[in-house]
Chemist: 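The structure follows.
FYI, the numbering just counts along the sequence from 1. Since this is a predicted model, take the numbers as computed values, not measurements.
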Amino acid sequence: QVQLVESGGGLVQAGGSLRLSCEASERPFTKYGMAWFRQAPGKEREFVAAISWSGSSTDYADSVKDRFTISRDSAKNTVYLHMNSLKPEDTAVYYCAVARSPSVVVREGGYSYWGQGTQGTVSS
């Protein structure tokens with residue numbers, strides 16, 4: 001079973017940046033799409049960004065478009081989320097996930113494996 005370990009969360013001021021990493025325990029993850037979701041206090045988990053197995057296709061939530069970038073390094077079994085121009089409303093627990101297909105998937109139900117989450121906090 002694939003295990004996903006997120007890291008890179010922390011506390012940053014508004015306007016700052018964070019880079020999240022998610023390392024998978026097994027090589028087969030490179031055949032599948034990956035994504036980041038987030039869950040803010042008192043809210044449901046929401047889609048943030050997704051990337052195809054090859055890295056050639058990506059998709060973003062409107063709220064993070066032009067500020068966040070998702071990328072992957074298959075040699076390192078790792079997917080990244082580069083977050084710039086952070087806002088207090090970006091504060092959430094961020095989860096990475098492995099899709100059931102090689103494509104970009106935005107539905108939460110399209111993901112089979114989830115990490116434990118990493119906290120990102122943006123102060124005003």
Side-chain angles (χ1 to χ4, degrees):
Q1 182 170 341
V2 175
Q3 291 186 336
L4 304 174
V5 179
E6 300 102 332
S7 61
L11 174 63
V12 65
Q13 289 187 332
S17 300
L18 283 174
R19 187 185 78 161
L20 306 183
S21 300
C22 172
E23 183 174 0
S25 61
E26 298 182 6
R27 288 290 298 172
F29 114 105
T30 60
K31 301 179 181 179
Y32 299 96
M34 299 281 293
W36 289 93
F37 288 76
R38 68 185 181 186
Q39 186 168 22
K43 295 186 178 181
E44 294 186 351
R45 188 158 56 187
E46 64 176 1
F47 169 77
V48 175
I51 189 167
S52 62
W53 74 275
S54 66
S56 61
S57 296
T58 58
D59 198 5
Y60 297 91
D62 288 342
S63 60
V64 307
K65 204 167 289 184
D66 299 325
R67 298 189 299 122
F68 290 11
T69 302
I70 187 170
S71 62
R72 65 190 300 166
D73 184 337
S74 294
K76 296 182 178 179
N77 286 2
T78 300
V79 64
Y80 304 97
L81 185 67
H82 302 259
M83 305 188 294
N84 297 318
S85 302
L86 283 163
K87 305 174 182 179
E89 51 264 43
D90 294 317
T91 294
V93 177
Y94 285 77
Y95 299 90
C96 71
V98 179
R100 303 178 192 275
S101 78
S103 308
V104 166
V105 180
V106 300
R107 296 179 301 105
E108 189 170 329
Y111 289 83
S112 53
Y113 297 103
W114 295 82
Q116 82 290 349
T118 185
Q119 177 71 46
T121 302
V122 184
S123 63
S124 57

Chemist: Can you give me the closest heavy-atom contact between L4 and Q116, atom names plus distance?
Modeler: O-OE1, 3.3 Å
Chemist: Is there a donor-acceptor contact under 3.5 Å from the side chain of R100 to the main chain of G109?
Modeler: yes
Chemist: Test of understanding: clusters of I, L, V, M, F, W, Y form through side-chain heavy atoms closer than 4.5 Å, transitively. Do V48 and V122 belong to the same one?
Modeler: yes
Chemist: Is the number of heavy atoms from other residues, nucleotides or ligands within 6.0 Å of NZ (K43) greater than 12?
Modeler: no
Chemist: Same cluster for Y94 and L18 if Ile/Leu/Val/Met/Phe/Trp/Tyr side chains link at under 4.5 Å?
Modeler: yes
Chemist: If I take atom CZ from residue R72 and atom SG from residue C22, how far apart are they, to the nearest 0.5 angstrom?
Modeler: 10.0 Å
Chemist: Do F47 and V93 sit in the same hydrophobic cluster, where Ile, Leu, Val, Met, Phe, Trp and Tyr count as joined when their side-chain heavy atoms come under 4.5 Å apart?
Modeler: yes
Chemist: Given the rule in the side chain to side chain contact (heavy atoms under 4.5 Å, CB included) test, do L86 and F68 qualify, once you have shown the distances and angles that lead to the verdict?
Modeler: CA-CA 9 Å; L86 283 163; F68 290 11; 3.8 Å; yes
Chemist: So which heavy atom on T118 is nearest to which on G9, and how close?
Modeler: OG1-N, 3.3 Å
Chemist: Distance-only, no hydrogens or angles: does the E6 side chain make a donor-acceptor pair with backbone N or O of C96 under 3.5 Å?
Modeler: yes
Chemist: For the residue pair E23 and S21, confirm or rule out a side-chain donor-acceptor distance under 3.5 Å.
Modeler: no
Chemist: Between V104 and A50, which heavy-atom pair has the shortest distance, and what is it?
Modeler: CG1-CB, 3.8 Å
Chemist: Can any side-chain N or O of Y60 pair as donor or acceptor with the backbone N or O of I70 at less than 3.5 Å?
Modeler: yes
Chemist: For V105 and G110, work out which heavy atoms get closest and say how close.
Modeler: CG1-CA, 3.9 Å
Chemist: Kindly state whether the ring of Y113 and the ring of Y32 have centres lying under 6.0 angstrom apart.
Modeler: no
Chemist: For the residue pair Y95 and W114, categorise the inter-ring angle as parallel (less than 30°), tilted (30 to 60°) or perpendicular (more than 60°).
Modeler: perpendicular
Chemist: When you measure from the side chain of R67 to the backbone of S85, do you find a donor-acceptor pair of N or O atoms at a distance under 3.5 Å?
Modeler: yes
Chemist: Over all heavy atoms of both residues, which pair between S124 and A14 is shortest? Give the atoms and the distance, please.
Modeler: CA-CB, 4.4 Å
Chemist: Would you please test L11 and Q119 for side chain to side chain contact (heavy atoms under 4.5 Å, CB included) and show each step?
Modeler: CA-CA 8 Å; L11 174 63; Q119 177 71 46; over 6 Å; no
Chemist: So does S54 get a backbone contact from the side chain of S56, meaning a donor-acceptor N/O pair under 3.5 Å?
Modeler: no
Chemist: Does R38 form a side chain to side chain contact (heavy atoms under 4.5 Å, CB included) with W36? I'd like the steps, not just the answer.
Modeler: CA-CA 7 Å; R38 68 185 181 186; W36 289 93; over 6 Å; no
Chemist: Do M83 and V64 share a hydrophobic cluster (ILVMFWY, side-chain heavy atoms under 4.5 Å, transitive)?
Modeler: yes
Chemist: Working to the nearest 0.5 angstrom, can you tell me the gap between S71 OG and R19 CZ?
Modeler: 7.5 Å
Chemist: Got a second to check how far L81's CG is from M34's CE, nearest 0.5 Å?
Modeler: 11.5 Å
Chemist: To the nearest 0.5 Å, how far apart are CZ in F37 and CD in Q39?
Modeler: 11.5 Å
Chemist: Salt bridge or not between D90 and K87? Use side-chain N to carboxylate O under 4.0 Å.
Modeler: no
